[in-house]
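I have placed the structure first, in the form of structure tokens, so that the comments after it can refer back to it.
Count residues from 1 along the sequence.
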Amino acid sequence: MLDIQKIRADFPILNQKVNGKPLVYFDNGATSQKPQVVIDAIAKYYNEINANIHRGVHTLSQLATDAYEVSRGKIQNHINAKHAYEVIFTSGTTHSINMVANGFASLLKSGDEVLVSALEHHSNIVPWQMLCERTGAVLKVIPMNDKGELVMPEYVKLLSTKTKIVAVNHISNALGTINPIKYMIDKAHEVGAAILIDGAQATPHLKPDVQALGCDFYVFSGHKVCGPTGIGILYGKEEWLRKLPPYQGGGEMIATVTFEKTTYADLPHKFEAGTPNIEGGIVLGTAIDYLNSIGFENIAAYEHELLEYATEKLLNIEDLKIYGTSEQKTSVISFNIAGIHPYDIGTIIDKLGIAVRTGHHCAQPIMDFYKIPGTLRASFAFYNTKEEIDLMIAALQKAKMMLS
Ligand code: 7TS
């Protein structure tokens, strides 16, 4: 059992009032709030060890380098990567996906196929479209059903020896669907395709085991797991990271440079050109430690309780429809009230202190599927409470009265 009040005390922002009302922060899918240990670790880095890494012999540079590499090791342990050098620091999920898609440009030819799913965030669609435009490869889409689940028999039918890479999210940001990724990874490998898992929405809720999953790439963002913005992870299997060309050229990614030829540094540095987000990399390790101290099993169990509680309460509101009713679902609820634009409701409940996201959630194809302009999305974290859900329900009732 989690002591939620004790956990809430770790997050100074949660004590705030917004528009004169206590803040109810239900936009965790967009970004998580930060605990004091993370905020302190940022200050500590700049107060005590700020220096560039991997280049100085001086003490501060060594301290910063050590802290950065210790953090890489923490991420390695957390996701159970075989080697620390399979963990590449990036600026976030979007950057990680672009790095892989860009690398595949050297491996694809006209007529090859790339599979994405109907449930993807734009950042797991657009880089693959760009890759297809560059190479003449064809983008194919794994369809979804009304419940917001991917249709596995259709996925299997789409796979062939033409499929070179599959890119699918672990959890949908717009609907909360948890996809059967282990099955999808195994099926991709049966036809010799690589597979990238977008873990941006999964990593706040569960601990992925990349070796047990067997995925070729797993990517996520620091800011959604209680870490800072501007830092993220690209996990890649060693064989793939060796095969892919570097994304950017510059300092720290080279072994030797002459005007005739450059040879690249070994992993992970081959993919980490330039001065990275040093503080972000170090503090991501602090954030992961914090989440592990709470425990992902506890987080999942408690968030599931919040999901069930909120789902039941929301469905009591007349004319309210929930989008995304998969059996396997995380604590994300997308919904609309008939005849009222989600933006109007979002604006009114913001005045009452409730922060939810409104719109297409960077997943326009999902909105097109349901033929709606967007939804309201409440996404819960382990520091939210049932009392906050009650406040949201009351605010929605009020908004509905005002707008209908
Ligand atoms: N993939 C998924 C599944 C996401 O949910 C997001 C961000 C991204 C990729 C991109 O992550 P970034 O950190 O590189 O921006 N999702 C959301 C969201 O649902 N609301 O705001 C951002």
Side-chain angles (χ1 to χ4, degrees), residues 13-33 119 121-122 144 146-148 171-177 200-201 204-205 224 303-326 329-404:
I13 207 170
L14 297 179
N15 281 325
Q16 238 192 122
K17 290 206 161 149
V18 169
N19 297 320
K21 308 280 181 199
L23 167 67
V24 172
Y25 186 77
F26 285 165
D27 196 16
N28 295 287
T31 199
S32 64
Q33 296 303 348
L119 277 178
H121 186 279
H122 295 163
M144 64 187 262
D146 265 351
K147 292 166 99 178
I171 293 182
S172 154
N173 72 312
L175 305 180
T177 312
Q201 292 294 334
H205 307 292
K224 294 192 202 279
E303 288 177 344
H304 191 71
E305 243 181 72
L306 292 180
L307 174 68
E308 294 207 316
Y309 183 80
T311 304
E312 195 188 319
K313 292 262 169 174
L314 282 168
L315 289 175
N316 284 336
I317 298 179
E318 218 179 314
D319 299 329
L320 185 143
K321 180 172 171 166
I322 291 178
Y323 298 91
T325 50
S326 165
K329 198 178 156 174
T330 194
S331 52
V332 171
I333 310 182
S334 253
F335 60 94
N336 274 332
I337 298 176
I340 312 179
H341 198 283
Y343 181 82
D344 295 336
I345 298 176
T347 307
I348 290 180
I349 68 173
D350 172 56
K351 295 278 179 287
L352 301 169
I354 320 283
V356 297
R357 186 167 170 191
T358 60
H360 55 56
H361 316 297
C362 301
Q364 278 182 1
I366 299 180
M367 304 302 133
D368 292 346
F369 176 89
Y370 289 116
K371 301 190 173 50
I372 50 175
T375 67
L376 290 135
R377 182 189 67 179
S379 48
F380 310 121
F382 57 93
Y383 43 71
N384 290 131
T385 64
K386 290 182 183 169
E387 291 71 33
E388 289 182 307
I389 292 171
D390 293 340
L391 288 173
M392 176 182 73
I393 299 290
L396 287 169
Q397 299 276 24
K398 194 163 179 184
K400 183 173 181 239
M401 243 168 46
M402 290 169 70
L403 293 165
S404 37

query = Taking side chain as C-beta onward, heavy atoms only, is Thr375 less than 4.5 Å from Tyr370?
reply = no
ask   = Quick one: side chain to side chain donor-acceptor pair (under 3.5 Å) partners of His122, sequence neighbours excluded?
value = none
ask   = Side chains of Val356 and Asp27: does their closest heavy-atom pair fall under 4.5 Å?
value = no
query = Between Lys400 and Asp319, is a side-chain contact (heavy atoms from CB on, under 4.5 Å) present by the stated rule, with each step listed?
reply = CA-CA 10 Å; Lys400 183 173 181 239; Asp319 299 329; 4.3 Å; yes
task = Indicate yes or no for a side-chain donor-acceptor contact from Lys224 to the backbone of Ala30 under 3.5 Å, with no hydrogens or angles considered.
result = yes
side-chain contact (heavy atoms from CB on, under 4.5 Å) between Ser326 and Met144, worked out = CA-CA 11 Å; Ser326 165; Met144 64 187 262; over 6 Å; no
query = Do Asn173 and Val332 come within less than 4.5 Å of each other through their side chains, counting heavy atoms only?
reply = no
query = Does the side-chain contact (heavy atoms from CB on, under 4.5 Å) test come out yes or no for Lys386 and Glu305, once each step is laid out?
reply = CA-CA 9 Å; Lys386 290 182 183 169; Glu305 243 181 72; 3.2 Å; yes
request  = Evaluate the side-chain proximity of Ile317 to Gln397: yes if any heavy-atom separation is below 4.5 Å, no if none is.
outcome  = yes
task = For the pair Leu403 and Ile345, evaluate side-chain contact (heavy atoms from CB on, under 4.5 Å) and give the outcome as yes or no after the intermediate values.
result = CA-CA 8 Å; Leu403 293 165; Ile345 298 176; 3.9 Å; yes
key: For the student: nearest non-hydrogen atoms of Ser331 and Leu307, plus distance   = CA-CD1, 4.0 Å
request  = Identify the heavy atoms of Thr358 and Pro342 that sit nearest to each other, and give their distance.
outcome  = CG2-O, 3.4 Å
message = I'd like to check Leu396 versus Leu314 (side-chain heavy atoms, cut-off strictly below 4.5 Å). Are they in contact?
response = yes
query = Which heavy atom in Met367 sits nearest to a heavy atom in Gly359, and how many Å separate them?
reply = SD-O, 4.3 Å
inquiry  = Measuring only between side-chain heavy atoms, which start at C-beta, is Thr311 closer than 4.5 Å to Leu315?
reply    = yes
query = Would you say the side chain of Tyr383 lies within less than 4.5 Å of the side chain of Ser32, judging by non-hydrogen atoms?
reply = yes
ask   = Where do Ile340 and Asp344 come nearest, in terms of heavy atoms and distance?
value = CG2-CB, 4.5 Å
inquiry  = I'd like to know if the side chain of Thr177 and the backbone of Ser172 have a donor-acceptor N/O pair within less than 3.5 Å.
reply    = no
inquiry  = Atom NE2 of residue position His360 - does it have more than 12 heavy atoms of other residues, nucleotides or ligands inside 6.0 Å?
reply    = yes
Check: Gln201 and Thr330 side chains under 4.5 Å, non-hydrogen atoms = no
ask   = Does the His361 side chain pair with the main chain of Ala363, one donor and one acceptor, at a distance under 3.5 Å?
value = no
inquiry  = Show the nearest heavy-atom pair for residues Ala310 and Ile333, with the distance to one decimal.
reply    = CB-CD1, 3.7 Å
task = For residues Leu175 and Lys329, report the shortest heavy-atom separation together with the two atoms involved.
result = O-CE, 3.3 Å
